[in-house]
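Report on one structure; see the data block that follows.
To find a chain, count down the sequence lines: A is the first, B the second, and so on, and within it residues start at 1.
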Protein chains: 2
Amino acid sequence: MHKKRTGIHDVAEAAGVHPSTVSRVLNPRTRGLVSQAVAERVEALAGKLGYSADPVASGLRTRRSATVGVLIPDIANPVFPLILRGIEATLGEAGYTAIIANTDNDTARAGAALARLAARRIDGAILATATRRDPLIAQCRSFGLPTVLVNRAADSGKVSAVIVDDRAGIALAVEHLFALGHRSIGHVGGPGNISTGQARRAGFLAAIKAHGLAPPAVAMAESYSIAAGERACAQLLGMKRHISAIVAANDLLALGCYDELKRRGLACPREVSVTGFNDMAFADRFDPPLTSVRIPHRLMGAEAARLLLAQIANPRAPIQEIKLLPELAVRGSTARRK
Amino acid sequence: MHKKRTGIHDVAEAAGVHPSTVSRVLNPRTRGLVSQAVAERVEALAGKLGYSADPVASGLRTRRSATVGVLIPDIANPVFPLILRGIEATLGEAGYTAIIANTDNDTARAGAALARLAARRIDGAILATATRRDPLIAQCRSFGLPTVLVNRAADSGKVSAVIVDDRAGIALAVEHLFALGHRSIGHVGGPGNISTGQARRAGFLAAIKAHGLAPPAVAMAESYSIAAGERACAQLLGMKRHISAIVAANDLLALGCYDELKRRGLACPREVSVTGFNDMAFADRFDPPLTSVRIPHRLMGAEAARLLLAQIANPRAPIQEIKLLPELAVRGSTARRK
DNA sequence: ATACTCTATGCAATCGATTGCATGACGATA
DNA sequence: TATCGTCATGCAATCGATTGCATAGAGTAT
């Protein structure tokens with residue numbers, strides 16, 4: 001019934017050598033210490049017996065696990081699975097496995113998840129959950145854990161991060177709307193304590209100014225959710241009469257705008273144009289299809305994994321912030337101003 | 001810098017007892033072996049020193065890890081994150097952690113992922129990837145791994161599963177279309193090697209028959225994807241002229257139908273009604289909003305976790321197949337027949 | 001007082017691999 | 001031939017907890 005796993009001991013016995021020799025053969029770093037002949041014999045036998053090292057035992061001794069923790073704020077938000085793909089692909093190539101933890105946007109839960117992962121000896125962490133001043137980052141440092149942020153950066157700049165050029169992304173959206181004749185553009189911003197919320201807002205203000213437009217209307221949502229977007233949109237529309245276009249900081253917020261506009265009987269895009277950010281899966285299926293700033297999800301994940309692996313290999317690797325360039329996916333939610 | 005973790009040894013020393021005593025105190029099962037007084041002292045000290053057992057070391061000895069592997073065919077399909085939520089919540093309450101592995105619908109990848117997880121000593125597996133005759137199930141058994149299927153069942157019936165009553169779900173859809181006056185209804189089916197594809201097809205045929213309708217048109221998609229749905233829909237429309245409604249086996253297939261209908265200039269729902277299955281996130285946002293069979297995602301995940309925990313606690317627990325009842329979410333993709 | 005049980009705790013092996021140190025064999029050099 | 005160095009391999013400690021067995025001491029029965 002239970003086929004007992006073949007251990008290093010079995011291989012050693014079969015090859016007539018000591019377990020430590022087998023260990024050395026199978027570890028590329030120590031492979032050179034063993035004679036060619038023995039090494040080949042051991043390798044052949046290991047293959048034949050289907051041996052593979054027990055990661056638990058070896059992790060106990062080496063304090064490493066070939067495992068990386070990934071903290072996701074909300075796995076149901078279709079942006080993150082795409083980023084995950086990139087992370088998993090790159091980690092996989094290097095023989096690492098990602099362990100995903102979902103935090104439901106809850107700081108306490110995130111801390112607990114990180115502690116659990118650290119106890120399991122993850123070799124590094126990728127945080128997609130970071131707020132601008134995030135205690136999680138200090139927690140990682142106190143664990144001595146190589147860490148990379150993805151999608152969201154931290155103010156401190158003391159951690160590597162792979163993000164999108166938020167200002168450039170928003171500029172694309174404003175540019176596009178301006179070209180369509182819009183002159184009164186509002187912004188439904190993201191949470192101020194998250195880097196993307198802050199940077200996109202700043203980018204919006206800068207872009208508006210660059211086009212010499214009227215002092216802009218801005219309403220900040222308290223979270224990246226449809227409901228918060230709806231509320232912020234209501235606030236925005238209450239402030240100023242003639243907003244003809246809304247730049248939302250995120251696709252979910254844009255969906256909230258859809259809802260609020262509909263509630264007020266304002267047609268999108270005929271009366272009000274809307275843009276999103278992230279170009280999440282199915283954004284092209286919405287009604288109307290959402291014009292959105294497209295970010296290179298997969299690449300972002302891959303780069304984050306790459307940085308992390310470098311940091312694991314060399315803990316003194318320099319801190320880097322990689323900013324990727326977004327594009328604009330133009331769809332049906334934006335139209336020429338009447 | 002590196003605060004060295006407090007080990008069982010430190011606690012023992014502080015309490016003036018042997019490490020084994022500490023271990024006994026902290027393990028509820030052996031707690032009774034230790035005198036009240038010592039137990040309390042040890043417990044207090046463990047708390048004060050912030051001790052928690054190293055799961056790697058204890059896993060090595062006990063061959064258990066308080067960890068469960070979850071195989072997901074496609075994490076980017078918004079159905080699965082919802083199921084995951086239920087799984088994680090229930091596992092979490094019991095002190096277990098889910099380790100998620102994404103297989104991208106690839107059998108080989110799934111096998112490799114399972115092997116990796118097994119090597120990490122997962123205590124059980126939840127498979128959302130099962131095909132009707134899945135070698136993965138045998139693999140789990142050969143590992144002696146408690147296993148539960150979720151969302152998809154296996155033909156053999158030798159493994160517990162939590163699924164939706166597919167036939168009942170399809171019956172709801174057909175019922176609804178019938179009530180709207182449709183008499184010529186086609187089916188875009190799912191892959192025949194997956195239980196849902198097979199059961200929904202059977203359910204469709206049964207429901208059509210029950211309403212005494214014309215011999216039905218059916219086209220099977222080779223995978224649960226938009227592209228496959230589009231192709232199957234094309235095939236379906238090629239077969240019969242006057243299909244006024246399509247029951248798709250899955251929301252992605254329904255989206256494929258949207259595309260094919262649009263390509264042919266057929267308006268949905270004015271000329272052809274479409275129903276989906278799963279009621280995935282954002283289905284209400286599609287154009288038109290998709291009428292879909294809603295499954296209790298969260299409950300499904302929770303029940304699967306519950307069954308698995310029971311099986312872990314008692315490996316001889318009986319095999320169960322839990323069938324949950326779906327509802328119909330009626331939206332804009334279905335309309336009265338002209 | 002002796003034998004006997006029982007309880008609480010310590011001892012040491014164990015899980016499966018890794019790794020610093022020791023040692024033996026062999027060849028080279030003087 | 002003696003000495004030394006090098007290379008290949010074995011030995012045993014270690015990672016941190018768990019657990020079967022041993023034992024000291026308290027308590028009870030005879």
Side-chain angles (χ1 to χ4, degrees), chain A residues 2-43 45-46 49-67 118-123 144, chain B residues 2-43 45-46 49-67 118-123 144:
Chain A
H2 290 250
K3 54 166 104 168
K4 49 178 165 293
R5 272 181 60 84
T6 50
I8 200 170
H9 182 78
D10 304 312
V11 178
E13 193 156 352
V17 297
H18 195 268
S20 61
T21 303
V22 175
S23 170
R24 284 190 269 259
V25 170
L26 268 28
N27 182 335
R29 211 162 33 79
T30 52
R31 165 76 192 262
L33 298 174
V34 179
S35 72
Q36 188 70 10
V38 172
E40 277 171 12
R41 183 153 43 93
V42 166
E43 234 166 18
L45 250 54
L49 299 180
Y51 170 78
S52 67
D54 182 325
V56 178
S58 102
L60 177 60
R61 181 68 224 256
T62 63
R63 314 200 121 272
R64 253 169 290 114
S65 61
T67 269
R120 287 193 193 291
R121 299 259 216 287
I122 51 171
D123 297 337
Chain B
H2 291 251
K3 53 167 106 169
K4 48 178 167 292
R5 273 180 60 83
T6 49
I8 200 171
H9 182 76
D10 304 313
V11 178
E13 193 155 352
V17 298
H18 194 269
S20 62
T21 305
V22 176
S23 170
R24 285 191 266 258
V25 170
L26 268 27
N27 182 336
R29 210 161 33 78
T30 52
R31 167 75 192 260
L33 298 174
V34 179
S35 71
Q36 188 70 11
V38 172
E40 277 170 11
R41 184 151 44 91
V42 167
E43 232 165 20
L45 251 53
L49 298 180
Y51 170 78
S52 68
D54 182 325
V56 178
S58 101
L60 177 60
R61 182 68 225 254
T62 62
R63 311 201 125 273
R64 252 167 292 114
S65 62
T67 268
R120 287 194 194 291
R121 300 261 217 285
I122 50 171
D123 297 337

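Note on Val56(B): nothing from the nucleic acid sits closer than 4.0 angstrom, heavy atoms only. If you check every strand for non-hydrogen atoms under 4.0 Å, Val22(B) touches nothing. Here Arg24(B) lies in heavy-atom contact (under 4.0 Å) with a base. As judged by a 4.0 angstrom heavy-atom cut-off over every strand, Ser20(B) is placed among the base-contacting residues.
Rounding to the nearest 0.5 Å places CG of Asp54(A) at 10.5 Å from OG1 of Thr6(A). Atoms CD1 and OG1, from Ile8(A) and Thr21(A) in turn, are 9.0 Å apart once rounded to the nearest 0.5 Å. To the nearest 0.5 Å, atoms CD (Gln36(B)) and CZ (Arg31(B)) are separated by 6.0 Å.
Between Val34(B) and Arg121(B), it is Val34(B) whose nearest contact on DNA chain C lies nearer the 5' terminus.
Listed pair Tyr51(A) / dA17(C) meets the phosphate criterion, a side-chain N or O lying under 4.0 Å from OP1 or OP2. Contact between the side-chain N/O atoms of Arg61(B) and the OP1/OP2 oxygens of dG16(C) is not found at any separation under 4.0 Å. Phosphate proximity of dG16(C) to Arg63(B): present, with a side-chain N or O under 4.0 Å from OP1 or OP2. Under 4.0 angstrom from either OP1 or OP2 of dC11(D) there lies at least one side-chain N or O belonging to His18(A). Of the side-chain N and O atoms in Thr21(A), one or more sit less than 4.0 angstrom from OP1 or OP2 of dG10(D). Taking side-chain N and O atoms only, Ser23(B) has a distance below 4.0 Å to OP1 or OP2 of dT18(D). Regarding contacts with the backbone of dT9(C), a side-chain N or O of Ser35(B) is found under 4.0 angstrom from either OP1 or OP2. Contact between the side-chain N/O atoms of Arg29(A) and the OP1/OP2 oxygens of dT19(C) is found at a separation under 4.0 Å.
Taking atom NE2 of residue His9(B) and atom C1' of nucleotide dA12(C), one finds them 15 Å apart after rounding to whole Å. Rounded to whole Å, the distance from CG on Asp10(A) to P on dG16(C) is 9 Å. Atom CG of Leu60(A) and atom C1' of dT14(C) are 12 Å apart (whole Å). The distance between atom CZ of Arg31(B) and atom P of dT19(D), rounded to the nearest whole Å, is 17 Å. Glu13(A) has its CD atom 15 Å from the C1' atom of dG16(C), to the nearest Å. Rounded to whole Å, the distance from CD on Gln36(A) to P on dA8(D) is 10 Å. If you take CD1 of Ile8(B) and P of dG16(D), they are 12 Å apart, rounded to a whole angstrom.
Residue Ser65(A) forms a side chain to side chain contact (heavy atoms under 4.5 Å, CB included) with just one option from Leu60(A), Val56(A), Asp123(A), and that option is Asp123(A).
Distance from the side chain of Ala53(B) is smallest for dA17(D) among the nucleotides dA17(D), dA17(C), dC15(C). Distances from the side chain of Asn27(B) to the nucleotides dG16(C), dT19(D), dT9(D) place dT19(D) closest.
Of all the heavy atoms in Arg121(B) and Gly59(B), the pair that sits closest is NE-O, 3.9 Å. The minimum heavy-atom distance between Val38(A) and Val17(A), with the atom names listed, is CG1-CG1, 4.1 Å.
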